[in-house]
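To start, the structure itself, in structure tokens.
Heads up: numbering here begins at 1 and tracks the sequence. What's counted below: heavy atoms across the whole structure, side chains too, no hydrogens, waters or symmetry copies.
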Amino acid sequence: MLRSGRVLSFQHRRWLASAVKQKKQVPPVHLPETHFASRSSPILTETVLKPQTMGKLYHWNQGRSIPNGSIENLWVFHDGPPYANGDLHIGHALNKILKDIINRYQLINGKKVHYVPGWDCHGLPIELKTLEKLANERRVEEKRLKKEIKKNPQLREELEKLRSSKLSSTDIVRLSTEHALKEQQKQSLQFQDMAIMGDFTNPYMTLKKSYIVNQLRIFKKFFDNGMVKRQEKPVYWGCENATALAEGELEYNPNHKSTSAYVSFPISKKNGLLSQFENLKALIWTTTPWTLVSNLAICINDTMDYTVIKYKDSNLIVAQDLVARLSKEFEFTETDVSFKGSELLDCQYSSPLKQGEFPFLSGSHVTSSAGTGLVHTAPGHGHDDYLACLKNGIKPYSPVDKYGKYTNDVPSSLADLVGKKVLGEGSAMVLEKISQLNMLVKTSEIVHSYPYDWRSKKPIIIRSTPQWFIDVSQIKEETIEALERRVQFFPERGVNRLTSFIRNRNEWCISRQRSWGVPIPVLYHKETGKPLMSDEVIEKLIGIIEAGNVEGWFKYVESNTLPEELAHYAEEYILGTDTMDVWFDSGSSWKIIETYLKEEGVYEQAIERGYLADVYLEGSDQHRGWFQSSLLNKVGSKTPGEPLVLPYNRVITHGFTLDEKGEKMSKSIGNTVSPADIIHGNKNTKIPKIGIDGLRLWVAQSDYRNDVNVGPTILKHVGDNLKKLRFTFKFLLGNVGRDVPMMLYDELNPLDQYMLSRAARLRNSCVQDYENFEYFKVVKKINQFVNVDLSSIYFDARKDALYTDNVSSARRLSTLVAFSEILKVLVSVLAPILPILTQEVWNNMPAFITKGGLLETPFHSGFYTNDSYVRVNSDAEESFATILQFKEDVNKQVQALKESGVLQTSLECEVTISGPVENLDKELIEDVCVVSKVELHPNSEPLSLKVDKSPLHKCSRCWKHNVVVADEDVVEGEMKDLLCVRCQSA
């Protein structure tokens, strides 16, 4: 193993020191010499290695022309923008390092790489921080005025003015901008701490004026394509933050608790078979009792069979297929009545909660999988409900405000509900009322999956409000067809996940009731509230932002005026205040790539090949987020008749980070690990210090296609692995020296040919793994090569030649050729993963490899593909299999002799091999088995091997037991330092 090599070197040095002290003649050995350190240096990393392999390298890359002017030689990686808020977590490291490995692999293969980091800057979290800061500032000012008012009563008016004033939208925008820019700078430095290569001096940010203008022009294309519409319909609503939410902003909590209820509604109009039943009622089941206030219909499936059951003094209508399931919920008596659901369509029911009679409607969403087969329908609080009622001319009704509280629009009989939270006290009060009205059959608590706001982590409601929508139904078939036919997914299951999200989506709610975001360009009539959106209005409003950024927009909003360009509307209209969904923001980022390709003169080639970016890579949650919004945004803004150019060609997804026990990371649990902890170490959490390359090696060795574990034990193993790689490079560098002789391949020693064949297989296999984005396989194969092929076999076999052969021996020179080739291969396959380590190796390479320093990095040199020496040699590998078997047999017998006290090392041995040995290389077997002597005894018997202790004495220089001691070699009872014949000549 390599470690034994280090021990051997140390023992040689100790022996030499002892010999000098005893004034003995010191026979020289050729020990490795290199300036490459045994440990990484933080100072060297920061001052030399990071600049070389990050900023300088990307600047050199940017300055190049695209090779041959072909887009095939340009690699475009479009960065999914992280949110500019808070410190980076380990998931960010996983994401960004995977991207960097991909980019560096393409760069070392000669492509020009385009990678501009991006940041998502708008949205609720930043606005909430801004509002909190403004509120704190106001409290401080109010406290100051209260204190000063005693001395100066005139300040009372100023205090009252402060208390009555509203928070300014322009202040929110200004402070949110400041906060986002500050956080972006912090995160940028943290990403660069991970040795991420990219254009960090010119990142794209969704708050930049040029980005916003591009986004609004994309929105205008949607409008021109007839895909933008305003509707009052139920949308996902976050009560904590009083805003509409897109489906991509939801998280589903599988452990949510709800109170479910079986509720009966009296049938007020019945006919046919049902006329015979007194006190006939329709039984529904709901997990949202608070929506019963808004009930306007009951949906049934007109093809299903229904029956009547007797419960207490009531007759209840239920689906026949659900009778058995209902019998487990409450007691009742069955009847033999059976009828189709279609017979209910001519009936009506009443609701004791409100006045009037209500219809039964046919709904395809009604099934016999759960409930009663009759579905309570509130078009203001459910998507299926809304669609069923829309077909029948029933408008949505939603007496709930933006904070999730009942409003004065509830029926007068329910006035005591006003102001009560629907997800709190209001729901309990509704249940109490229906119980008093003899409508309640049963309640129970259930645990089920329920949508939560991903920001507030609170349950959402569905609430009907006027919102702006993109009509996805117009483009989803074209989008799905393009995805399935033209996009590669890694892993492949990603295509099913993404297409299912798009297939189940008909509309995209893009309006948000916030200040911090991109305004929706629309005017509203002052009296009717009717929107005015036209090409003229959109262009004029884009002009406002071009002239004064987003703040200019809100200055007009706050002054309740319109810009001069829209003066002809000033009497009747005002500017809208809604902003766009942040997914529309980030989904517009493909425009950055389109602009770059035009600047490089290859946009026409991009149109021809049908995509902009070579790859998008994000977490698997982005199938319903950025992957989807980017695609819909690009397809929906296409001009009719134009060819469809997709935003990406490949979609790669990674899992989430878990601790070593497989649990989700949480600050409350205390199991989080930060990238900085891994780089610098953290004694409190027992995270070892393994540096930038240690962090990157952990990412690379992880099978990111699934969730990834991280913790102290895992990271310790990563650190040990990194040390082995460093020691391997040090041994290779120390022996290669300044120059390597020129030799023909056929002149190389068979052992060196074998190792070069193994190196060729490693290189070729790693290339395939890089192409498939399977870096964990790359790391595994490199570890196998280093630990087994090099350390356990090759280095042990070659130390004798390197240390003790004549400097010009053919065996030693052949080894130096092989070492230099193996160095080039290892640097190539590791450079994308470990740029800091390989750059340090490169800086210590012989000048003939770096061309005297003209090739500043391995990436300047390119991936090493020369097969003059590094080639697969199946014959060498096949013949070497026998020798490896000898080594295994020798090790077993040596170990037995050690345990019995006969031997201490394998160099004390001699090996006898009997059988058909005519084609065996005696010297090669000695080297590989690390023994002093091999005797070959040819005969017709099967091959056999025997290990014995050598009767000869140890050479003081090479330590092989191959010296015959004569009487004159012993003086006054003390043996002289003896050298073998080879060492004497060396």
Side-chain angles (χ1 to χ4, degrees), residues 212-236 244 246-248 383 386-387 390-391 393 395-396 464-483 499 501-512 517-525 528-543 545 566 569 573 575-591 594 607 610 612 628-647:
I212 292 172
V213 169
N214 278 336
Q215 180 177 329
L216 288 171
R217 295 205 185 282
I218 290 170
F219 175 83
K220 182 176 179 294
K221 286 191 174 183
F222 273 95
F223 175 76
D224 291 340
N225 289 340
M227 296 179 64
V228 177
K229 56 185 178 181
R230 181 172 170 83
Q231 299 179 87
E232 180 171 351
K233 60 176 294 185
V235 295
Y236 298 116
E247 190 171 353
H383 302 302
Y386 169 77
L387 293 174
L390 184 66
K391 293 177 182 177
K395 294 182 179 180
S464 181
T465 60
Q467 300 289 343
W468 288 97
F469 295 87
I470 297 291
D471 185 1
V472 176
S473 65
Q474 293 186 34
I475 58 170
K476 70 177 182 178
E477 291 305 322
E478 179 184 13
T479 304
I480 291 170
E481 189 273 338
L483 269 180
T499 53
F501 280 122
I502 296 173
R503 187 171 282 111
N504 294 324
R505 188 175 200 174
N506 289 310
E507 294 175 319
W508 176 3
C509 178
I510 62 165
S511 50
R512 298 292 181 271
V518 177
I520 293 179
V522 63
L523 305 179
Y524 291 99
H525 195 274
T528 65
K530 187 176 180 180
L532 173 62
M533 184 179 287
S534 65
D535 283 347
E536 177 201 15
V537 169
I538 295 173
E539 282 295 341
K540 296 299 184 184
L541 298 185
I542 289 174
I545 292 176
L566 296 171
Y569 293 121
Y573 288 88
L575 276 171
T577 58
D578 284 356
T579 53
M580 288 193 195
D581 175 18
V582 292
W583 292 111
F584 196 92
D585 287 12
S586 59
S588 304
S589 62
W590 53 265
K591 190 69 177 179
E594 184 182 273
I607 294 176
L612 300 177
Q628 183 183 170
S629 66
S630 294
L631 188 63
L632 294 176
N633 193 303
K634 185 71 179 73
V635 178
S637 61
K638 179 177 73 73
T639 302
E642 284 184 348
L644 175 56
V645 180
L646 298 176

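Applying the ring-ring contact (aromatic ring centres under 6.0 Å, His included) criterion to Phe219, with sequence neighbours excluded, gives no partner residue. Residues satisfying the ring-ring contact (aromatic ring centres under 6.0 Å, His included) criterion with Tyr524, sequence neighbours excluded, are absent altogether.
The closest donor-acceptor contact from the side chain of Arg512 to the backbone of Ala244 lies under 3.5 Å. Between the Ser588 side chain and the Gln215 main chain, no donor and acceptor come within less than 3.5 Å of each other.
In this structure, Cys509 and Asp581 have side chains that are not in contact, with every pair of non-hydrogen atoms separated by 4.5 Å or more. The shortest distance between side-chain heavy atoms of Ile545 and Pro519 falls below 4.5 Å. No side-chain heavy atom of Leu532 sits under 4.5 Å from any side-chain heavy atom of Val522. In this structure the side chain of Gln628 never reaches within 4.5 angstrom of the side chain of Trp508, judged on heavy atoms. Considering only heavy atoms from C-beta on, Trp590 comes within 4.5 Å of Ile218 through its side chain. No side-chain heavy atom of Leu566 sits less than 4.5 Å from a side-chain heavy atom of Tyr573. Contact annotation: the side chain of Pro521 never approaches that of Phe223 to less than 4.5 Å [non-hydrogen atoms, C-beta and beyond]. Annotation: side chain of Lys634 is in contact with side chain of Leu612 (closest heavy-atom distance under 4.5 Å).
Scanning all heavy atoms of the two residues, the minimum distance from Lys476 to Arg505 falls at CD-O, 3.4 Å. Across every non-hydrogen atom of Ser464 and Pro396, the tightest pair is OG-CB, 3.4 Å. Closest of all the heavy-atom pairs between Arg230 and Pro466 is NH2-CB, 3.2 Å.
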Taking it one step at a time, do Gln231 and Tyr386 satisfy side chain to side chain contact (heavy atoms under 4.5 Å, CB included)? CA-CA 12 Å; Gln231 299 179 87; Tyr386 169 77; 3.6 Å; yes
For Ile475 and Lys638, what are the C-alpha separation, side-chain angles and deciding distance, and is it a side chain to side chain contact (heavy atoms under 4.5 Å, CB included)? CA-CA 10 Å; Ile475 58 170; Lys638 179 177 73 73; over 6 Å; no
Using the rule given for side chain to side chain contact (heavy atoms under 4.5 Å, CB included), can you reason through Glu539 versus Lys220, listing the C-alpha separation, both sets of side-chain angles and the distance that settles it, and then say yes or no? CA-CA 8 Å; Glu539 282 295 341; Lys220 182 176 179 294; 3.4 Å; yes
Working note: Met533 + Ile538, criterion side chain to side chain contact (heavy atoms under 4.5 Å, CB included); need CA distance, chi angles, decisive distance, verdict. CA-CA 7 Å; Met533 184 179 287; Ile538 295 173; 4.0 Å; yes
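Counting non-hydrogen atoms of neighbouring residues, nucleotides and ligands closer than 6.0 angstrom, the NZ atom of Lys229 exceeds 12 such neighbours.
Taking CG of Asn633 as the reference point, atom CD1 of Ile470 lies at 8.0 Å (rounded to 0.5 Å).
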